[in-house]
Amino acid sequence: PKVFKAYMVPMSDGVHLHTNVISPPFSDKTKWPAVIDRSPYGGAKTELLADIFLLFDFIAIGQDMRGTCLSEGNFSVFHTDQKDGNDTVNWIVEQEWSDGRVFEIGASADGIASLELALATPKPLQAQFIIFATGEAEETFFPGGAYRYALIEKWINGTIPDQAPFVLNNIMKHEGPSKSFWGAVELSGGRGVQRKFNRIKWPIVMWAGWYDIFEQGNLETFDGIQHESDPSVRGKHYLVVDPLGHCQSGSNMFPHNLIEGRSILPVLLGINLFKGDLPTKVPEGVKAVTFYVMGSIDAKEGDGNYWTSVPDWPKRTLSPLYLHGDGSASFDKPKTTLLASTASSTYTYDPSNPVPTIGGNNLEIKCGPLDQSETLSRKDVLTFTTATLDKPVALTGPLAAHLFVSTSKVNDTDFTMKLIDVYPDGRHILINDGIRRMRWRSNRKTTGPEAIVPGQIYAIEVSLWNTSYVFSPGHKIMVAVSSSNAPRFQPNPNTGLPITKYNKKTYLVTDNTLYHSAEYPSSIDLPIVDLSDMPKHNVLETEKALLRDMGMDDSYVRDKMMRFL
């Protein structure tokens with residue numbers, strides 16, 4: 001019998017979740033494997049991702065997550081998705097139309113819910129396709145200890161407006177590491193929390209983006225799954241990283257070897273995975289890690305702007321780029337003594353006048369590789385620039401800055417950093433940025449916030465997440481240091497109070513100092529790689545071959561899939 005029905009599926013605690021079920025329209029079967037997408041956005045949005053698999057004789061299931069759309073209950077910030085997902089899988093296999101096999105697809109919040117289901121290790125689950133999602137929790141909401149204001153506030157208010165005040169207050173109450181709150185939904189561990197990747201007992205395809213809101217957690221999660229999952233599937237997972245992820249508006253910066261900033265390769269790999277062709281039958285030339293090597297829009301052939309596919313991330317050499325008192329940056333360590341006038345740089349940070357966000361890994365505000373020029377002349381922004389490059393500098397891997405800093409009169413403040421490509425024509429294009437809130441400078445290593453002492457010098461690390469980018473000859477590398485980036489991050493009022501106590505009228509102005517001397521050599525580690533370790537892979541030709549193998553007209557299907565995604 002054909003199935004086209006909406007159910008209210010009971011969870012173990014009595015809450016009912018709205019669930020749409022559609023069987024393949026032209027199938028002769030009466031039982032099918034199921035593909036489910038659990039989402040907070042409703043049946044007319046990302047839940048439709050499951051419908052792709054109707055073409056391949058799967059039954060498609062879309063479920064509204066607890067407290068969203070037509071489902072009962074209250075939204076839990078993913079805390080009930082392990083149990084709700086497991087209850088739903090158990091319900092699916094009991095239905096007369098189920099053949100006992102369940103697959104899961106999820107993008108963004110749906111993908112996070114998919115990873116939460118993975119923690120339950122349901123036996124019927126055969127494989128997952130997870131798109132632009134993360135297995136990190138606290139670092140997603142509070143990267144570097146700072147509140148990710150624009151994303152969290154706008155997303156919560158837009159997704160669950162009636163519940164938003166309570167949910168946002170609950171998130172803010174759990175500022176900082178928490179074993180009981182954030183640890184309950186972490187795959188990647190945290191303070192007092194074990195890593196949980198060993199619970200993965202099925203193959204997974206993951207899709208990430210360099211300018212995606214979950215880029216860091218997405219890559220960290222894949223790395224954990226690839227190397228720590230159950231031995232039966234360890235090393236058998238696949239990752240594709242495009243330039244943008246959620247940030248489709250940046251597609252004009254990457255016109256090479258992409259279709260509107262994307263590739264459908266991960267979708268085709270996901271289809272092959274669910275059909276059973278992966279990991280035993282792998283498309284020619286496709287390795288475990290396929291990613292887009294970004295480059296400047298004016299780069300010559302080979303200096304980025306192409307795809308590569310490798311068994312694992314290329315070997316990198318972490319090369320400290322040091323910041324100097326004359327505003328330069330180089331791979332030479334500073335020789336200036338602490339007593340010299342150029343041993344440090346000081347600026348005044350006023351929380352009421354923060355540096356405005358221009359691009360980056362955002363969703364609800366402007367995102368991507370945007371020009372930072374208008375912010376760089378501010379008196380509260382320090383810049384350090386290399387000489388003009390005479391050869392390409394290729395980066396692939398994590399970006400971590402090691403700064404020596406102090407403040408004049410407060411017990412808490414922030415330090416921000418941006419990595420920028422300076423074009424010959426004067427543009428200053430953002431590659432990555434990061435932040436460190438000083439009271440959370442030790443982050444997962446402590447039981448709570450640690451105040452700072454005015455005048456004392458502290459060594460801190462600022463994560464700028466990851467990238468794969470080639471700086472072209474004729475360009476320069478710039479680092480910009482400040483103390484705000486709003487509304488991407490909520491400006492620190494410098495009071496040291498929990499964010500639940502923040503008041504826009506209560507803030508302190510302070511002078512913040514960055515040190516760049518022989519004794520305190522501030523730097524950023526650049527993960528330099530050899531371009532020869534990232535050979536070109538023709539992803540577009542691979543897509544055509546995969547579509548032909550599926551018996552589809554490649555241009556038509558590619559166009560439809562790209563429009564759908």
Side-chain angles (χ1 to χ4, degrees), residues 148-151 209-213 215 242-256 258 260-261 292-300 303-305 321 323 327-329 347 353-389 392-395 399 401 415-435 462 464-489 491 524 526:
R148 204 171 175 187
Y149 179 82
L151 173 65
W210 292 122
Y211 283 97
D212 187 63
I213 55 174
E215 181 243 31
D242 71 23
L244 299 170
H246 282 79
C247 180
Q248 273 300 92
S249 62
S251 60
N252 64 312
M253 291 295 290
F254 302 106
H256 309 283
L258 293 156
E260 296 184 1
Y292 191 80
V293 181
M294 298 184 293
S296 60
I297 199 167
D298 61 355
K300 71 175 185 179
D303 289 349
N305 297 320
L321 182 70
L323 315 182
S328 66
Y347 57 90
N353 182 28
V355 178
T357 298
I358 303 177
N361 295 62
N362 304 314
L363 175 63
E364 302 286 357
I365 56 177
K366 288 184 178 180
C367 63
L370 300 186
D371 190 349
Q372 306 298 300
S373 296
E374 68 181 78
T375 68
L376 301 177
S377 60
R378 289 175 56 115
K379 293 181 179 180
D380 57 353
V381 177
L382 305 176
T383 60
F384 305 87
T385 311
T386 66
T388 302
L389 302 176
V393 176
L395 310 181
L399 296 161
F415 286 92
T416 63
M417 177 176 271
K418 295 177 180 178
L419 181 67
I420 295 167
D421 183 352
V422 182
Y423 277 53
D425 64 9
R427 282 180 290 174
H428 296 78
I429 300 301
L430 178 67
I431 307 305
N432 282 79
D433 62 41
I435 192 167
V462 181
L464 284 76
W465 290 13
N466 284 254
T467 195
S468 181
Y469 189 86
V470 182
F471 289 89
S472 293
H475 288 229
K476 300 175 183 177
I477 302 172
M478 174 183 279
V479 170
V481 177
S482 190
S483 289
S484 54
N485 182 356
R488 176 161 160 73
F489 306 110
I524 178 172
L526 298 183

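Computation of the quantities below employed the complete heavy-atom set of this structure, encompassing side-chain atoms and omitting hydrogens, waters and symmetry-equivalent molecules. Computed from a predicted structure; not experimentally measured.
- Side-chain atoms of Gln372 come within 3.5 Å of backbone N or O of Leu370 as a donor-acceptor pair.
- Atom OG in Ser296 sits 8.0 Å away from atom CE in Met253 (nearest 0.5 Å).
- The closest side-chain heavy-atom distance from Pro356 to Arg378 is below 4.5 Å.
- In this structure a side-chain-to-backbone donor-acceptor pair under 3.5 Å is present from Asn362 to Lys366.
- In terms of modelled atom types and a separation under 3.5 Å, the side chain of Asp371 and the main chain of His428 share a donor-acceptor contact.
- For Thr385, there are no side chain to side chain donor-acceptor pair (under 3.5 Å) partners, not counting sequence neighbours.
- To the nearest 0.5 Å, the span separating CZ on Arg148 from CG on Leu363 amounts to 9.0 Å.
- In this structure a side-chain-to-backbone donor-acceptor pair under 3.5 Å is present from Thr357 to Asn485.
- Counting only distance, with no hydrogens or angles, the side chain of Asp242 and the backbone of Leu244 share a donor-acceptor pair below 3.5 Å.
- Here the straight-line distance linking atom CH2 of Trp210 with atom CG of Asn432 works out to 9.0 Å at 0.5 Å rounding.
- Side-chain atoms of Arg427 do not come within 3.5 Å of backbone N or O of Asp421 as any donor-acceptor pair.
- Around atom OH of Tyr149, no more than 12 heavy atoms belonging to other residues, nucleotides or ligands sit under 6.0 Å away.
- Atom CD1 of Ile435 is separated from atom CZ of Phe489 by 5.0 Å, given to the nearest 0.5 angstrom.
- We find the NZ-CD1 distance between Lys476 and Ile420 to be 13.5 Å, quoted to the nearest 0.5 Å.
- Note: Phe254 and Tyr211 have tilted aromatic rings, judged against thresholds of 30 and 60 degrees for the angle between ring planes.
- A distance of 6.0 Å separates OG1 in Thr467 from CG in Leu399, rounded to the nearest 0.5 Å.
- Between the side chain of Ser484 and the main chain of Val355, a donor-acceptor pair closer than 3.5 Å is present.
- Side-chain atoms of Phe471 and Leu395, non-hydrogen and from C-beta on, do get closer than 4.5 Å to each other.
- A heavy-atom distance below 4.5 Å is not found between the side chains of Asp303 and His475.
- Across all non-hydrogen atoms, the minimal contact from Lys418 to Asp433 is CG-CB, 3.8 Å.
- Here the closest heavy-atom approach between residue Leu258 and residue Pro243 is recorded as CD1-CG, 3.6 Å.
- Put simply, the side chain of Asn305 gets close to the backbone of Gly295: a donor and an acceptor are under 3.5 Å apart.
- Of all the heavy atoms in Val381 and Ala480, the pair that sits closest is CG1-CB, 4.1 Å.
- In this structure, the side chains of Val293 and Val470 come closer than 4.5 Å at one or more pairs of heavy atoms.
- Counting all heavy atoms, side chain and backbone alike, Leu419 lies closest to Val479 at CD1-CG2, 4.2 Å.
- A donor-acceptor pair under 3.5 Å links the side-chain atoms of Ser482 to the main chain of Asp380, judged by distance alone.
- A donor-acceptor pair is defined here as one N or O able to donate and one able to accept, closer than 3.5 Å; such a pair exists between the side chain of Thr386 and the backbone of Ile477.
- Taking all atoms of both residues into account, the shortest heavy-atom contact from Leu323 to Ala329 is CD2-CB, 4.4 Å.
- When all heavy atoms of Ile365 and Pro487 are compared, the pair lying nearest together is CD1-CG, 4.1 Å.
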